[in-house]
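Worth saying up front: this structure is predicted, and the values here are computed from it rather than measured.
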Amino acid sequence: MTTGAGDQAGAGDQAGVGWPGWATTYVNTYLEGTTVIDLFDTASEKAIWRGVSTGSISDKPDKDSRKAAKVIAEMFESYPPLRERISD
């Protein structure tokens, strides 16, 4: 095998082989919570609507209370659900 100027036998054969590697790893730890609201028709005892929201939880209770109120209000923006007309 003949190598040209600046070439090294084996260098570049496989990426990362024979060369030191550097990596930077970042870890973010956070709490996540899910709020689920189910509405039932009491006469039929069947579920008629469900709202679900998932998000991060703060370590500050006041902030979580405000966020929960906002999330619940946003869920109810899609209530009542639009019904498609089945027949006239």
Original post:
Cut-off 3.5 Å, side chains only: do Thr35 and Ser53 have a donor facing an acceptor?
Top reply: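 Ser53 and Thr35 do not have a side-chain donor-acceptor pair below 3.5 Å.
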Subject >> Shortest non-hydrogen separation from Lys67 to Ser56 and the atoms involved >> reply: NZ-O, 3.0 Å
How many angstroms lie between [atom1] in [X] and [atom2] in [Y], if you round to the nearest 0.5 Å?
X: Met75; Y: Lys70; atom1: CE; atom2: NZ; value: 13.0 Å
X: Glu32; Y: Thr54; atom1: CD; atom2: OG1; value: 6.0 Å
X: Phe76; Y: Ile37; atom1: CZ; atom2: CD1; value: 4.5 Å
X: Asp41; Y: Lys46; atom1: CG; atom2: NZ; value: 9.0 Å

Original post:
Counting only N and O atoms by type, is there a donor-acceptor contact under 3.5 Å from the side chain of Asp64 to the main-chain atoms of Ser58?
Top reply: yes
Original post:
In terms of hydrophobic clusters joined by side-chain contacts under 4.5 Å, are Ile72 and Ile57 together?
Top reply: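 Looking at the clustering, Ile57 is in a separate group from Ile72.
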**OP:** Kindly determine whether Phe40 and Thr42 satisfy side-chain contact (heavy atoms from CB on, under 4.5 Å), including the steps that lead there.
**Re:** CA-CA 6 Å; Phe40 289 84; Thr42 56; 5.7 Å; no
